[in-house]
Amino acid sequence: MSARRGTIDVHTHILPERWPDLKERYGYGGWIQLHHHCNGKASMMKDKDGQLFREIEENCWSPEARIKEMDETGVAVQVLSTVPVMFSYWAKPEDTLDLCTILNDDIAKAVKKYPTRFVGLGTIPMQAPEQAILELRRCVVELGFAGVQIGSHVNQWNLDAPELERVFAVAEEIGACIFVHPWDMPEDERMKKYWLQWLVGMPCETAVAICSMIFGGVLERHPRLRVCFAHGGGAFPFIIGRVEHGFKSRPDLCAKENPFNPRKYIGQIYTDTLVHDEGALKYLASTIGEWLPALSLQCCHFKCPIENRIN
């Protein structure tokens, strides 16, 4: 990728303009389908119940539309990753792998067409670690991606699950970065109202992911593993004092697998800057380190002016 002045946006999601009918392809439902209902707009629909997941516009599938917006907002390079609802860790591993291939190949086309404007992050079937490793290697070695995006947990596994250890080991070995995005937040009745799953659930999910990787010793065992957490690390930067206090006061619960203070890993983890508040962004920089938060505008999802997202 040739040098280009400007901003690098690490948190942007992209989808293929079209993909096969997944319910028909795999023989069961639960998937997201894209329905183009007018020029430049489409609906992401849940095939199981026909409910709308999200309305999107052409910047979510068109590299050209994205580049136009990038030029208008001073973004030189976008890091492309799929929309997290497409992770599909709940599905049969072979079907998730097949979908990952469709999504990753589409990202690869955009990167190949505009190599100075886009960098790719793949998606992998984390519920099947050995298959995940194969797709991770393909993404980095064959497709030339910088790494992969993964969810904040994998079904009932937090990110310290021993089943996932090899995935992180291989990522460290081949120099692949990991972008952790919250997903699959609790759906109980308390969280359904007011969009709380996204507004409150997502920051909590990310904090759980970071704490799991710290307390579970993942970051200690893999010091060269580059991990970036979405949405400014969620709630974690704002509860680091509480996390450290728990480590010190209840080592019998918090230090069972890693004897080191959680603050040790400040400086090892990265976050994006998607916190929607100038004061929060300043606090994030002072807590995580000024050079560790990576810029994010989160292309395609939220309709708000650029100046309200970053400063």
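All values below come from the heavy atoms of this structure, side chains included, with hydrogens, waters and symmetry mates left out. Residue numbers run from 1 in the order of the sequence given.
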Can any side-chain N or O of [X] pair as donor or acceptor with the backbone N or O of [Y] at less than 3.5 Å?
X	Y	answer
D47	I32	no
D188	M191	yes
S286	L284	no
Q268	L219	yes
R25	P20	no
E57	K41	no
Y89	T96	no
R221	G216	yes
T12	V79	yes

Does a side-chain heavy-atom distance below 4.5 Å link [X] with [Y]?
X	Y	value
L143	D105	yes
Q197	M202	no
V227	M213	yes
V243	I210	no
V77	D9	no
I178	V180	yes
Q78	V10	no
F118	M70	yes

What heavy-atom pair brings [X] and [Y] nearest, and what distance separates the two atoms?
X	Y	value
L80	A110	CD1-CB, 4.0 Å
T82	Q149	O-NE2, 3.0 Å
H181	P84	ND1-CG, 3.3 Å
R226	A146	NH2-O, 4.3 Å
P125	P93	CB-O, 4.3 Å
K23	Q33	N-OE1, 4.2 Å

Run the numbers on W19 and L34 for side chain to side chain contact (heavy atoms under 4.5 Å, CB included), then give the verdict.
CA-CA 8 Å; W19 59 83; L34 197 60; 3.6 Å; yes
Taken in chain and number order and not counting sequence neighbours, the residues that satisfy ring pair (Phe, Tyr, Trp, His ring centres under 6.0 Å) with Y26 are W31
query = Using the benzene-type ring in the case of Trp, are the ring centres of F179 and H11 under 6.0 Å apart?
reply = yes
For residues H276 and H231, establish whether the separation of their ring centroids is below 6.0 Å. no
So how far is it from [X] [atom1] to [Y] [atom2], rounded to the nearest 0.5 Å?
X	Y	atom1	atom2	result
T123	I102	OG1	CD1	12.0 Å
I14	L121	CD1	CG	12.0 Å
L15	L103	CG	CG	7.0 Å
N104	R138	CG	CZ	6.0 Å
Q51	K46	CD	NZ	5.5 Å
N261	K264	CG	NZ	10.0 Å

Identify whether [X] and [Y] are in the same connected component of the hydrophobic contact network (ILVMFWY, side-chain heavy atoms under 4.5 Å).
X	Y	answer
I174	V218	yes
W157	W183	yes
L52	W195	no
V170	I124	yes
F87	L97	no

So the ring pair (Phe, Tyr, Trp, His ring centres under 6.0 Å) pairs with at least one residue in residues 127-150 (sequence neighbours excluded) are none
So ring pair (Phe, Tyr, Trp, His ring centres under 6.0 Å) across residues 232-269, not counting sequence neighbours, yields F238-Y283
Checklist entry - Would R117 and D71 pass as an ion pair if we require N to O under 4.0 Å? => result yes
Given the rule in the side chain to side chain contact (heavy atoms under 4.5 Å, CB included) test, do Y28 and D95 qualify, once you have shown the distances and angles that lead to the verdict?
CA-CA 10 Å; Y28 57 96; D95 298 334; 2.6 Å; yes
Please determine whether ring pair (Phe, Tyr, Trp, His ring centres under 6.0 Å) holds for the pair W61 and H36, giving the CA-CA distance in whole Å, both sets of side-chain angles, and the decisive distance to 0.1 Å. CA-CA 11 Å; W61 65 79; H36 292 266; 4.8 Å; yes
Next on the checklist: Using the rule given for side chain to side chain contact (heavy atoms under 4.5 Å, CB included), can you reason through I133 versus R166, listing the C-alpha separation, both sets of side-chain angles and the distance that settles it, and then say yes or no?
Outcome noted: CA-CA 8 Å; I133 289 170; R166 276 266 298 145; 3.7 Å; yes
Dump the intermediate steps for side chain to side chain donor-acceptor pair (under 3.5 Å) on H37 and E55, then the final yes or no. CA-CA 10 Å; H37 53 77; E55 289 283 345; 2.9 Å; yes
| field | side chain to side chain contact (heavy atoms under 4.5 Å, CB included) between M44 and V85, intermediate numbers included | value | CA-CA 10 Å; M44 296 177 69; V85 73; 3.8 Å; yes
Only one of E173, E142, E130 passes salt bridge (Lys or Arg N to Asp or Glu O under 4.0 Å) with R137, and that residue is E173
_Within a 6.0 Å radius of atom CD on E72, are there more than 12 heavy atoms belonging to other residues, nucleotides or ligands?_
yes
With no hydrogens and no angle check, just 3.5 Å: does a side-chain donor-acceptor pair link S62 and E17? no
Between N59 and the options E69, R66, K68, E64, the side-chain hydrogen bond (donor to acceptor under 3.5 Å, both in side chains) test singles out E69
